[in-house]
Amino acid sequence: MYIARHAEQTVKKLSRMFGAVLVAGSRQVGRTIFLIFVFLTDFPELKKDRVIPVSYI
């Protein structure tokens, strides 16, 4: 289950302004999953129930 974060809008805004955006944090806090939902939500399999397919992990 994915929990939406306040940083999503900020990362989207910064990605339009800059060519690269660094998302840093501790181990196992969900950085990769966060980025999948921020940038890959155009894929129907991710929109449906907001479940991450095993192939993305």
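Note that the structure is a prediction, hence the values are computed from the model and not measured. Starting from 1, each residue takes its place in the sequence as its number.
Annotation: side chain of Phe37 is not in contact with side chain of Arg5 (no heavy-atom distance under 4.5 Å). The shortest side-chain heavy-atom distance between Val29 and Phe34 does not fall under the 4.5 Å cut-off.
By the side chain to side chain contact (heavy atoms under 4.5 Å, CB included) test, Arg27 is found to be paired with no residue, residues two or more places apart in sequence or in another chain being considered. The side chain to side chain contact (heavy atoms under 4.5 Å, CB included) search around Thr10 returns Leu14, not counting sequence neighbours.
Here CZ of Arg31 is found 12.5 Å from CD1 of Ile36. Values are rounded to the nearest 0.5 Å.
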